[in-house]
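Comments concern the structure below.
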There are 2 protein chains.
Amino acid sequence: MGIEERRKREKEGRRSAILKAARKLFFEKGFKSVTVAQIAKKAELSKGAVYLYFSSKEEIYSRILLFDIEKFHERVSRIVLKGESASKMLENFAQVYIDFFLADRELFRILMAYMVHTDHNNLSEEMNNCLIRSTNKTIDTIEDIIRQGVASGEFPPHTAVRQSRNALWGLLNGGISLHLFTGKEESREQMIRSTIMTGLDHYIHGLKENRKPHILNPATGLAG
Amino acid sequence: MGIEERRKREKEGRRSAILKAARKLFFEKGFKSVTVAQIAKKAELSKGAVYLYFSSKEEIYSRILLFDIEKFHERVSRIVLKGESASKMLENFAQVYIDFFLADRELFRILMAYMVHTDHNNLSEEMNNCLIRSTNKTIDTIEDIIRQGVASGEFPPHTAVRQSRNALWGLLNGGISLHLFTGKEESREQMIRSTIMTGLDHYIHGLKENRKPHILNPATGLAG
DNA sequence: GTCAAAGAATGACCCTCGGTCAGGACATAT
DNA sequence: ATATGTCCTGACCGAGGGTCATTCTTTGAC
């Protein structure tokens with residue numbers, strides 16, 4: 001019976017080799033610039049073999065992203081929920097978020113690009129849904145924390161959970177994406193951290209102060 | 001002398017025809033799915049002719065985006081600066097931003113994708129810079145408004161202009177990008193508007209309340 | 001009207017690259 | 001030794017971006 005197991009191990013090994021090679025190349029040169037032949041060569045396989053393990057170039061890419069997102073969620077769930085208050089948890093969450101993506105700008109850029117992209121022609125419905133669901137976990141976590149805050153009385157009972165969640169998510173992502181468009185210098189990192197944490201602080205302060213969400217006049221689209 | 005001018009006009013006409021055809025196709029099917037042959041056909045030209053007017057498929061795309069960004073800035077500068085206070089101007093700005101991009105989700109998605117993308121292989125340095133500069137105008141506008149607020153005493157003198165600018169930009173973009181990942185229903189639009197306007201309100205409130213920006217401890221990365 | 005020069009447009013062609021598949025190499029089983 | 005898998009290979013295909021020799025059109029001098 002050892003033979004079959006060895007085979008399985010070897011197969012898994014090849015799979016990993018492909019992913020490892022692909023990851024390096026993708027993060028170095030971007031999706032489009034990397035050819036499957038290059039991936040194959042780096043993994044010491046033929047092009048055909050790559051297609052024994054993955055059904056398309058895009059699938060390889062997606063698997064890598066999925067892996068990283070999961071890694072992120074794992075880290076979040078380990079750290080975030082130790083806060084003694086909802087505010088503290090949000091702060092922790094932001095901290096983890098920032099740490100994670102500042103450590104790997106490229107990953108954030110890629111995830112963002114992926115989410116925003118429309119051309120997922122070669123990706124199975126299932127794989128696509130998987131990625132979407134995984135991405136949404138981030139948003140759901142924020143929502144959970146806010147809900148806890150409302151439940152514990154830290155945030156007012158009429159808090160607009162969805163809206164707050166959305167705004168905070170925007171704050172986080174916006175802050176980090178800004179990092180992409182400015183220089184790479186170390187000093188920027190402090191700026192980004194500070195931007196997001198200040199924004200968060202302002203927002204939470206607003207929440208606690210019981211400021212009602214804007215209700216917009218549907219006719220004019222203006223607050224009123 | 002009329003001949004040369006007529007030629008110029010005709011050339012300009014062809015150019016426009018290509019852009020118009022390309023715009024329709026790109027927004028319908030996405031960058032990758034559209035072929036240059038399709039653009040040529042729709043513009044009633046041969047493929048070769050398209051390359052007389054543009055140097056690459058990517059350049060066509062970029063021209064279209066550039067045009068739209070400029071249109072956006074025009075609208076912003078016309079409306080935003082009529083606010084009687086910095087807060088009001090920020091609100092106006094957000095309103096224009098939301099209107100513009102909710103009216104054309106696809107445009108926002110495309111711009112975002114473009115900014116985040118790394119594979120601009122076929123684009124001239126100059127064209128790329130042009131797009132970056134144009135995109136940055138949005139951020140600069142926010143900064144201007146905040147500066148005015150500080151100058152007029154509406155915001156406290158030690159306001160961290162860059163940070164606030166970044167956070168607000170993040171809030172705006174994050175809010176709208178969220179819209180991309182949720183459904184298309186009308187009702188969502190109100191949600192997005194409300195999310196952003198509330199976030200803005202909270203943030204401005206925080207600003208006015210004189211809350212100092214977080215200074216982060218470089219060692220721990222935590223506020224302190 | 002004729003014709004040469006300039007300008008504009010064409011589409012056959014080239015090349016790269018994602019993806020396929022007939023066939024080979026090697027291990028295992030009998 | 002032979003049969004049966006399993007795994008891998010690389011020549012091949014088709015799609016699509018980009019090129020360029022050729023052809024068509026316009027123009028203005030004679």
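Worth saying up front: this structure is predicted, and the values here are computed from it rather than measured. So you know, we letter chains A, B, ... as the sequences are listed, proteins then strands, and number each from 1.
- Nucleotide dG18(C) holds its P atom 12 Å from the CG atom of Leu25(A), rounded to whole Å.
- Side-chain proximity of Tyr51(B) to the nucleotides dA8(C), dC7(D), dG18(D) is greatest for dG18(D).
- Between Lys32(A) atom NZ and dG16(D) atom P the separation is 14 Å, expressed in whole Å.
- Note: CZ (Phe31(A)) to P (dC17(C)) measures 13 Å, nearest angstrom.
- Atom-to-atom, NZ of Lys57(A) to C1' of dT16(C) comes out at 11 Å; the value is rounded to the nearest Å.
- With Trp169(B) as reference, Asn173(B) is the one residue of Leu172(B), Asn166(B), Asn173(B) to meet the side-chain contact (heavy atoms from CB on, under 4.5 Å) rule.
- Between Arg14(B) and Glu10(B), none of the side-chain N atoms (NZ, or NE/NH1/NH2) sits under 4.0 Å from a carboxylate O, so this pair counts as no salt bridge.
- Between Phe54(A) atom CZ and dT20(C) atom P the separation is 15 Å, expressed in whole Å.
- As judged by a 4.0 angstrom heavy-atom cut-off over every strand, Val34(B) is placed among residues touching the sugar-phosphate backbone only.
- Each of dG16(D), dT9(D), dG19(C) was ranked by its minimum atom distance to the side chain of Leu45(A); first place goes to dT9(D).
- Nearest to the side-chain atoms of Arg7(A) among the listed nucleotides dG18(D), dC7(D), dT10(C) stands dC7(D).
- Electrostatic pairing of Asp99(B) and Arg75(B) does not count as a salt bridge here, judged by no charged N lying under 4.0 Å from a carboxylate O.
- For the pair Arg63(A) and Phe67(A), the cation does not sit on the ring face, since its NZ or CZ is not both under 6.0 Å from the ring centre and inside 45° of the axis.
- Atom P of nucleotide dA25(C) and atom CG of Leu52(A) are separated by 17 Å, given to the nearest angstrom.
- For Lys47(B) and dG17(D), a side-chain-to-base donor-acceptor distance below 3.5 Å is present, hydrogens and geometry of angles not being considered.
- Across dA8(C), dT28(C), dG18(C), the shortest atom-to-atom separation from the side chain of Val36(A) is found for dG18(C).
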When you look at Gln163(B) and Ser194(A), which way does the side-chain hydrogen bond (donor to acceptor under 3.5 Å, both in side chains) test go after all the steps? CA-CA 7 Å; Gln163(B) 284 177 21; Ser194(A) 171; 2.7 Å; yes
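- Of the two residues near DNA chain D, Gly48(B) and Gly48(A), the one whose nearest nucleotide lies more 5' is Gly48(A).
- When heavy atoms are screened at a 4.0 angstrom cut-off, Tyr53(A) is found touching the sugar-phosphate backbone but no base atom.
- When the nucleotides dG17(D), dA9(C), dG18(C) are ranked by their closest atom to the side chain of Ala49(B), dA9(C) comes out on top.
- Of the residues in residues 9-24 of chain B, those lying under 4.0 Å from DNA chain C by heavy-atom distance are Lys11(B), Arg14(B).
- One can place NZ of Lys8(B) at 17 Å from C1' of dA8(C), the figure rounded to the nearest angstrom.
- For Arg6(B), a side-chain nitrogen or oxygen approaches OP1 or OP2 of dT27(D) to under 4.0 Å.
- The pair Glu12(A)-Lys8(A) does not meet the salt-bridge criterion, since no charged nitrogen lies less than 4.0 angstrom from a carboxylate oxygen.
- Between Glu70(B) and Lys137(B), at least one side-chain nitrogen of the basic residue sits less than 4.0 Å from a carboxylate oxygen of the acidic one, meeting the salt-bridge criterion.
- Atom CZ of Phe26(B) is separated from atom P of dG16(D) by 13 Å (rounded to the nearest Å).
- The listed nucleotides are dT19(D), dA8(C), dT10(C); the one nearest the side chain of Ser46(B) is dT10(C).
- A salt bridge links Lys88(A) to Glu91(A): one of the charged nitrogens lies within less than 4.0 Å of a carboxylate oxygen.
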